[in-house]
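Owing to the predicted nature of the structure, the values given are computational and were not obtained by experimental measurement. FYI, the numbering just counts along the sequence from 1.
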Amino acid sequence: MAAKPVYRVVFHQQGEVWELYAREIFQSELWGFIEVEEFVFQDGSKLVVDPSADKLRLTFEGVKRSYLPLNAIIRIDEVEREGPARAVKSEGRVAEFPRGPMPPPRGER
């Protein structure tokens with residue numbers, strides 16, 4: 001049986017660029033969001049610990065599923081194996097991708 005794929009998700013979060021690894025990613029039923037599940041973090045028992053990786057591991061500890069807004073996502077890549085999670089200050093200015101109007105609620109269609 002083939003191993004589950006691993007995805008690298010890079011997105012903006014409060015003035016930083018976060019890079020996480022997950023095994024499940026799909027379009028959410030919530031309009032404008034991507035669901036990310038089964039986060040993968042490297043072993044935290046190493047002698048040298050990256051503070052940004054540790055921050056992300058603690059932030060997502062106990063999180064079953066996360067909903068990321070489409071306009072915050074920079075890219076999603078399928079990779080061969082997970083790498084270190086990272087959080088770095090956003091150095092550039094990134095414009096939000098233009099969106100169309102929100103669809104009407106289901107009862108008003």
Side-chain angles (χ1 to χ4, degrees):
M1 187 162 128
K4 277 186 155 181
V6 176
Y7 300 95
R8 177 176 50 219
V9 183
V10 183
F11 61 98
H12 285 278
Q13 173 67 21
Q14 298 176 348
E16 294 181 327
V17 175
W18 288 11
E19 183 176 308
L20 295 174
Y21 292 83
R23 296 210 182 271
E24 295 285 337
I25 296 177
F26 46 93
Q27 180 68 45
S28 174
E29 291 181 7
L30 293 172
W31 189 79
F33 288 84
I34 295 289
E35 290 185 39
V36 181
E37 296 180 354
E38 295 185 39
F39 295 101
V40 180
F41 293 99
Q42 289 187 331
D43 186 17
S45 63
K46 294 181 180 178
L47 186 58
V48 179
V49 177
D50 179 11
S52 69
D54 201 39
K55 169 187 166 183
L56 292 176
R57 188 176 50 77
L58 292 173
T59 299
F60 288 94
E61 187 174 52
V63 174
K64 179 180 177 183
R65 177 181 303 125
S66 189
Y67 298 88
L68 301 177
L70 287 173
N71 62 335
I73 295 175
I74 298 171
R75 68 185 293 156
I76 298 173
D77 299 315
E78 183 175 345
V79 295
E80 291 185 16
R81 62 182 178 275
E82 69 273 0
R86 292 188 279 195
V88 295
K89 277 285 193 204
S90 181
E91 302 256 338
R93 297 179 73 184
V94 177
E96 181 177 323
F97 190 76
R99 296 180 281 182
M102 295 233 352
R106 290 185 185 258
E108 295 179 19
R109 289 186 185 172

- For K4 and E24, run salt bridge (charged side-chain N to carboxylate O under 4.0 Å, His left out): C-alpha distance rounded to whole Å, both residues' side-chain angles, the deciding distance at 0.1 Å, then the answer. CA-CA 9 Å; K4 277 186 155 181; E24 295 285 337; 3.2 Å; yes
- Message: As an exercise, state the distance from OG1 of T59 to CG of L20, rounded to the nearest 0.5 Å.
- Response: 9.0 Å
- Given V9, V40, V36, D77, the one that forms side-chain contact (heavy atoms from CB on, under 4.5 Å) with Y21: V40
- Is there a path of hydrophobic side-chain contacts, each under 4.5 Å between heavy atoms of I, L, V, M, F, W or Y residues, that connects V6 with F60? no
- Item | ILVMFWY cluster, Y7 and F33 together (side-chain gap under 4.5 Å) | no
- Rounded distance (nearest 0.5 Å) linking atom CD of E37 with atom NZ of K64: 7.0 Å
- Item | Other residues, nucleotides, ligands: >12 heavy atoms within 6.0 Å of E78 CD | yes
- Relative to the ring of W18, is the ring of F11 parallel (under 30°), tilted (30 to 60°) or perpendicular (over 60°)? perpendicular
- To the nearest 0.5 Å, tell me how far R8 CZ sits from E82 CD. 12.0 Å
- Message: Is there a continuous path of hydrophobic side-chain contacts, each under 4.5 Å between heavy atoms, that joins Y67 to V63?
- Response: no
- Message: Working to the nearest 0.5 angstrom, can you tell me the gap between S66 OG and I34 CD1?
- Response: 11.5 Å
